[in-house]
Amino acid sequence: MQDGIKAPTDLLIGGAFRPAESGRMLAVEDPATGETLAEVANGSVADAQAAVDAAHAALRGWRAASAYQRSAILRRWYELQIADRDNLARLMTLENGKPLPESQTEVDYASSFVEWFAEEAKRVYGRIIPATRADKRLLVLRQPVGVVAAITPWNFPAAMITRKVAPALAAGCTVVLKPAPETPLTALRLGQLLVEAGAPVGILNVVPTTDAAMFADAWLGDERVRKITFTGSTAVGKELMRKASTHVQKISLELGGQAPYIVFDDADLDLAATAITTAKFRNAGQTCVAANRILVQEGIADAFTERVVDLVERMRVGKGSDEGVQIGPMINERGRQKVLSHVRDAVAQGAGIRIGGGELTGPGYFVAPTVLTNVSPKMLVMREETFGPVIAIARFRDEQEAVDLANDTEFGLAAYFFTKDATRAWRVSEALEYGIVGLNDGAFSTAQAPFGGYKESGLGREGGHEGIDEFLETKFVSWGAVGTGI
Ligand code: NAD
């Protein structure tokens with residue numbers, strides 16, 4: 001690994017790092033140069049099964065530990081992540097391409113889930129329900145679901161892991177994790193830090209692979225795995241739902257989005273324009289909550305567009321480790337081609353390019369930040385996730401039209417809107433069919449609030465009190481013949 005950056009390259013199974021059973025390796029690429037950064041052990045089905053063996057063996061002890069013991073391990077893991085902030089951030093910038101300040105922010109965000117769930121571990125309450133008969137007591141217990149399989153994407157190489165693994169461990173579950181093959185180094189480093197935190201052997205097993213579908217078959221075909229938690233595309237999420245039906249495993253899904261970003265004519269225009277730099281350009285537009293459809297009320301559309309173009313003109317694109325860079329590369333050539341195809345489609349259907357519009361020359365998978373105007377609902381930029389630095393601006397007449405346009409999608413993850421009118425703020429917040437609403441806010445993600453989607457954007461929530469519920473079973477104990485009091 002270059003520049004003294006620390007990360008293991010073997011699989012973490014049963015508390016120890018070891019090569020893949022097949023001896024195969026997978027290459028990790030730097031998307032800013034297209035060069036290979038490192039070779040990592042490439043897990044096979046035998047490794048997937050060994051990971052479940054280890055997680056299952058660890059389950060009995062871990063779920064029997066007290067909430068305070070589990071909390072202490074998580075707290076230590078959190079502290080080690082903070083101490084390793086610089087290393088983890090540089091690792092993420094190398095394998096994902098995002099600018100270094102964004103990677104540092106992601107380490108803070110990722111570790112905040114570990115801190116939050118270290119505390120939530122202590123607040124898994126049951127309840128006592130008044131019974132209809134005097135000699136009965138009705139108890140509700142919350143218990144860990146068991147072995148959890150987690151599959152995570154490349155766009156947040158650390159945070160998508162901690163917001164699953166931390167609540168699972170806090171609840172008393174053990175975990176097998178398959179990180180994205182594009183960003184396995186951050187995942188392995190996080191696993192190593194948990195081992196260093198004194199975690200019992202096997203509570204977290206990390207197995208990168210290029211055989212994702214085979215892993216899903218192995219894990220969902222194994223009755224010992226009781227839960228699958230997935231972040232990624234809607235197509236894969238649906239496939240996992242089908243596979244989970246064999247053994248009726250519980251399932252949580254954080255899938256794609258198609259976020260509308262509505263600017264009403266009574267909005268603070270400077271705020272609405274500035275907030276787009278996070279809502280759209282974080283991770284070069286490769287986020288599930290990226291503002292994808294910019295809907296602006298007619299009367300202020302020109303003024304808003306000018307402000308946005310002015311901001312975009314000043315944004316610096318480049319290698320994430322270079323000083324002052326705000327926009328890094330797409331994760332790979334496929335990602336870049338998707339973005340460019342959306343721009344071409346919009347232009348062919350009558351959109352105008354105000355700035356940007358194309359791929360940038362040189363190595364790496366860069367796309368110029370782009371502003372498109374005169375955008376209409378039939379265009380790909382308005383129907384599919386673009387997953388790139390493209391701002392597509394369409395106009396609307398009134399509030400009803402804005403809400404109708406916003407809800408006209410099978411997705412329902414995040415929506416943004418900007419207004420200074422308090423009554424409109426209520427009305428529109430309630431009318432939007434989305435799991436998350438950013439009201440005058442371009443950056444809402446935080447560990448203490450529930451994150452997740454309506455409709456085809458997913459099932460379940462991560463973060464908040466809700467985040468730990470996803471890893472708990474509910475047991476009802478009906479206790480008879482208690483007596484009727486002294
Ligand atoms: P993807 O679905 O291709 O990959 C995500 C993960 O699933 C990776 O680990 C991948 O190796 C694995 N995978 C791929 N095919 C699989 C299969 N057949 N069976 C099992 N696992 C498989 O998604 P992507 O394109 O890499 O990631 C971007 C997607 O993730 C976007 O749609 C984005 O919106 C979504 N996302 C959602 C959230 C959220 O919280 N809702 C957060 C980040 C990303």
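Starting from 1, each residue takes its place in the sequence as its number. As the structure lists them, so they are numbered: ligands from 1, and atoms in each ligand from 1. All of these numbers come straight from a predicted model, not from anything done at the bench.
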Among all protein heavy atoms, pick out the one at the shortest distance from [atom]; state its residue, atom name and that distance to 0.1 Å.
atom	answer
atom 24 (P) of ligand 1	W154 NE1, 3.6 Å
atom 2 (O) of ligand 1	S233 OG, 2.6 Å
atom 15 (N) of ligand 1	V236 CG2, 3.5 Å
atom 9 (O) of ligand 1	T152 O, 2.6 Å
atom 21 (N) of ligand 1	A212 CB, 3.6 Å
atom 41 (N) of ligand 1	L255 O, 2.8 Å
atom 12 (C) of ligand 1	I151 CG2, 3.8 Å
atom 4 (O) of ligand 1	G232 CA, 4.6 Å

Checklist line | Option with minimal heavy-atom separation from atom 40 (O) of ligand 1, where the choices are R163, E182, E462, E239 | finding: R163
Margin query: If you take the centroid of each ring, where Trp contributes its six-membered ring, are F444 and Y416 closer together than 6.0 Å?
Written below: yes
Next item on the list: Indicate, with yes or no, if the rings of Y261 and F418 have centres closer together than 6.0 Å.
Entry: yes
Measuring from non-hydrogen atoms of [X] to any atom of ligand 1, is the shortest distance under 4.0 Å?
X	answer
P181	yes
F387	yes
F451	yes

Next item on the list: Measure M160 to ligand 1 on non-hydrogen atoms and call it side chain, backbone, both or neither using the 4.0 Å cut-off.
Entry: side chain
In terms of atom number and element, which parts of ligand 1 are under 4.0 angstrom from non-hydrogen atoms of [X]?
X	result
N155	43 (C), 44 (C)
T231	5 (C), 36 (N), 37 (C), 38 (C), 39 (C), 40 (O), 42 (C), 43 (C), 44 (C)
A180	9 (O)
L413	41 (N)
G256	32 (O), 34 (O)

Check: Taking it one step at a time, do Q286 and N155 satisfy side chain to side chain donor-acceptor pair (under 3.5 Å)?
Finding: CA-CA 6 Å; Q286 302 169 106; N155 60 350; over 6 Å; no
Check: Out of D222, V225, V148, which one pairs with Q249 under the side-chain contact (heavy atoms from CB on, under 4.5 Å) rule?
Finding: V225
With a 4.0 Å cut-off, would you call [X] and [Y] a salt bridge?
X	Y	value
D469	R461	no
K164	E470	no
E239	R242	no
E102	R282	no
R163	E462	yes

Checklist line | Contact check: E385 vs ligand 1, nitrogen or oxygen atoms, below 3.5 angstrom | finding: yes
Next item on the list: Output yes when the distance from some N or O of ligand 1 to some N or O of K243 is under 3.5 Å, and no in every other case.
Entry: no
Note to self: Between T370 and I391, is the side-chain contact (heavy atoms from CB on, under 4.5 Å) condition met? List the steps.
What the structure shows: CA-CA 6 Å; T370 298; I391 294 186; over 6 Å; no
Item checked: K243, NZ atom: more than 12 neighbouring heavy atoms under 6.0 Å -> yes
Checklist line | Contact check, side chains of V367 and L340, non-hydrogen atoms, under 4.5 Å | finding: yes
